[in-house]
Amino acid sequence: MIIKTISTILSNEPVGENIYRIELLSPEISTASKPGQFINIKVSENLDPLLRRPFSVYNVIDDRIQIIFNVVGKATKILSSKKVGEKIDIIGPLGNGFNLNDDFDTALIVAGGLGIAPFPFLTKILKEKNKNIISLVGARTKSQLVLDGFVNVNTATDDGSYGHKGTVVELFKLKVMNNDIVKTPSAFKVFACGPIPMLKAIIELCDKLNLNCEVSVEAPMACGTGLCQGCAVKTRDGKYKLACKDGPIFNSKDILL
Amino acid sequence: MIKTEVIVGKLRLKNPVLVASGTFGYGDELIGTIDINKLGGIVTKSLTLKPKVGNPPPRVAETPCGMLNSIGLANIGVDKFINEKLPLLRNFDTAIIVNIAAKRIEDYCEIIKRLEDTEGVSAYEINISCPNVKEGGLEFGTNIEMTAKIVNATRKLTSKTLIIKLTPNVTRISEFAKVCKEEGADAVSLINTVVGMAIDIKTRKPKISTITGGLSGPAIKPIALAKVFEVFQNVDIPIIGIGGITTWEDAIEFMIAGAKAIQVGTANFIDPNTPINIISGIIRYCEENKIEDINDIVGSIIVETFPH
Ligand SMILES: Cc1cc2nc3c(=O)[nH]c(=O)nc-3n(C[C@H](O)[C@H](O)[C@H](O)COP(=O)(O)OP(=O)(O)OC[C@H]3O[C@@H](n4cnc5c(N)ncnc54)[C@H](O)[C@@H]3O)c2cc1C
Ligand SMILES: Cc1cc2nc3c(=O)[nH]c(=O)nc-3n(C[C@H](O)[C@H](O)[C@H](O)COP(=O)(O)O)c2cc1C
C-alpha cells in the first residue's frame, strides 16, 4: 500500500560536506517501511522543480523517518534549506526493499558516496536478526564520510584522508580475497549501493567469487510507482525491469548495468 | 446539481476528466490508491500487437516545468491486456478508452479486431503521434495521406467511438483534424508530446537515450491550448484537450478554448489524485458561476479578432 502524507520536518542538519539529513514525522510510512525502500518527495508546490524526488529510507526511528542527501541540483538545494516545522508532501514506502530471507550468516555492506543512504536502516534490522556485519564505506574525502549507524566499519577515501587510500571497490577486493569468504561464499551476502561504475565492479567480483549480492540501483524516474515506465534497468535476458517497482534492489545476477 | 455529463461521439462520459495514455498504466495499478469510479474515463497505455520492451535508459529527464520521455511504447501487448487487465477494468463505473499504436495499418486493424471480440472497451484512441518509436508514430501523424488511410481503415472495423490522437509537431493541426472528420472519426484528442531535447553539459551527452524525446507537463500547456483552439475554430469535431493540465483552472481553460473533455497526463506522476481534484474544482467553478451544465463552458471563448 502506497501512502501519501503531508509530513512535518523535525530536523534538518548538515552531517558532512554538502550532505544533509532530514527527519520527518510520518507514523504511517515509518511503520510500513523496509530497508532498501524509498520515499518520493515533492520539495515545493511550484511547477519547477516539477516532479517528486526519490530518496532512500536512511533510518526509521519509531514514528519518524530519516533521509540523507547530497545537494546536486534544484530540488536538493530547496530541501537543504527547509526549516524545522515546515511540511512536505511525501509518498512511500516505494520499491521492494532488500531480501533478508536468504540463508547467510554475515552481511557485507558496501557503500560508495551517498550510497550509504539505505544502510543504517538495514544494519538495524540485520542486528535484530543476529547477523554478523562487515561494513565497507568509501567517499572522496574524510569530510564526506558519514558513518553513523554503521557497525564494524572499514573506510576508504580517494585522497587517503581517512582509512584506506583508494576506492571502496579496492577495499572490497581486499576483504573478499580473504580466505573465509573464498572458502564458504554461501555464508555471506553482499549489499551494495553507490554510483553505477562502482556497482558494476562489485557485481563483476561477486560473479567471479559466486557471492550472493544485492545492489540498490538509481535510475532517473518520474513517478516512482510504475505508471510512467521511465526508470528502466536492463536485465541479463535483454529485457527491462523498473527501478521503482521491481527494484530499486536487484539481485546482481538479474541485471546488466 | 451541476450536469457534468459530456458526450464525445457515441461515448457518454460522466464528467469530462480523463487520464492520459501512458500516465496511468492500464488503470489497475492505482486500484485502492484513488477512487477510479470518479473518473470520467481511463485511457490505457498504448497497446501494440506484440508486447514491446521499450527504449533503453535513460528514458526520462526533467526540464523546466516539464519532462522529456522516451519510453518507446513499452507495453504488455493487446492479448495480455485482454486476458489480464480488461477483466479488472470492466468492474469500474468509468469509460475504458483503449489507446492503440502500430507501425503498419494492418496492425492497427488487427488490434481493433481482437478488442472488438471482447467486452468492456468503451472507445478507441488511435495513437498516430508517438515521437519515440522509429516506424509508425510520428511518421503517420505528420503525413496527411497516412492519417486518412489509418482513420479510414480503422473506422470500417468498429462502430464504437473512434478518437484520433494528434501530434503538435505539424504546421497546421487543423488540416489533420479535418481529414480525421472526413474519414469518419468521432473525435480528436490533442496534443501528444512535443519533440524536445536536453543535454548534460558535464558529459555532453543527451539526457535521454534516443537523443530527442517527448516534452510534456505545464511547459507545453500554451502550445496545447493554441492547437485546441485552432481545431475548434476550423473543424466541427469533438475535441479532447491534453497538455500540461495540472489544476482545475487549466481544465476550464481548455474547455473554454473548445475542448469537450480533457486528459490529465504528467500531473498524475506527481499526484494520482489530480484528476479527482480537477473534477471537484470544475464543479465548484460551475456552482460559483451559476453554470448548470458543464457543456455551456465548452467553446465559450470570447475573441474580438480572429487569427488566420
Ligand atoms: C531509488 C532512488 C533512491 C535515491 N536515494 C537517494 C538518497 O538517499 N540520497 C541522495 O542524495 N540521493 C538519492 N537518490 C538520487 C536523488 O533522487 C537525486 O540526487 C535527486 O533527484 C536530485 O534532484 P535535484 O533536483 O537536486 O537535481 P537535478 O536538478 O535533478 O540534477 C542536478 C544534477 O545532478 C545530477 N544528478 C541527479 N541525480 C544524481 C545523483 N544521484 N548523483 C549525482 N548526481 C546526480 C543530474 O544529472 C544533474 O546534472 C536516489 C535516487 C533513486 C532513483
Ligand atoms: C511517460 C509518458 C508516457 C506516455 N505514453 C504515451 C502512450 O503510450 N501513448 C500515447 O498516446 N501518449 C503517451 N504519452 C503522452 C500523453 O498521453 C500526453 O498526450 C502528453 O504527455 C501531454 O499531456 P501532459 O502534458 O498532461 O502529460 C505519454 C506521456 C508521458 C509523459
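On a predicted model such as this, the values are computed, not experimentally measured, just so you know.
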Original post:
Can you tell which of A:N40, A:L227, A:D89, A:I3 has the highest number of heavy-atom pairs within less than 4.5 Å of chain B?
Top reply: A:L227
Original post:
Side chains of B:N99 and B:T44: donor-acceptor distance under 3.5 Å anywhere?
Top reply: no
Original post:
So which heavy atom on B:I282 is nearest to which on B:M255, and how close?
Top reply: CD1-SD, 4.4 Å
**OP:** Give the minimum heavy-atom separation between B:L30 and B:I36, together with the two atoms involved.
**Re:** C-CD1, 4.2 Å
Subject >> Closest heavy-atom pair and its distance - B:I111, B:A101 >> reply: CD1-O, 3.6 Å
Original post:
Are B:S129 and B:N127 close enough that a side-chain donor and a side-chain acceptor fall under 3.5 Å?
Top reply: yes
Original post:
With no hydrogens and no angle check, is any side-chain donor or acceptor of A:N12 less than 3.5 Å from a backbone partner on A:I22?
Top reply: no
Subject >> Structural part of A:A219 lying under 4.5 Å from a heavy atom of chain B >> reply: neither
Subject >> Distance-only side-chain donor-acceptor flag, A:E17 / A:S143, under 3.5 Å >> reply: yes
Subject >> B:I208, part contacting chain A, at a heavy-atom distance under 4.5 Å >> reply: neither
**OP:** Determine the minimum heavy-atom distance between A:V15 and A:Y20, stating which atoms define it.
**Re:** CG2-C, 4.2 Å
Subject >> Contact residues of residues 53-88 of chain B (partner chain A; heavy-atom separation under 4.5 angstrom) >> reply: B:V53, B:G54, B:N55, B:P56, B:P57, B:P58, B:R59, B:V60, B:E62, B:P64, B:C65, B:G66, B:M67, B:I71, B:A74
Original post:
With respect to chain B, which residue among A:D48, A:T225, A:V233, A:L51 yields the maximal number of heavy-atom pairs within a distance under 4.5 Å?
Top reply: A:L51
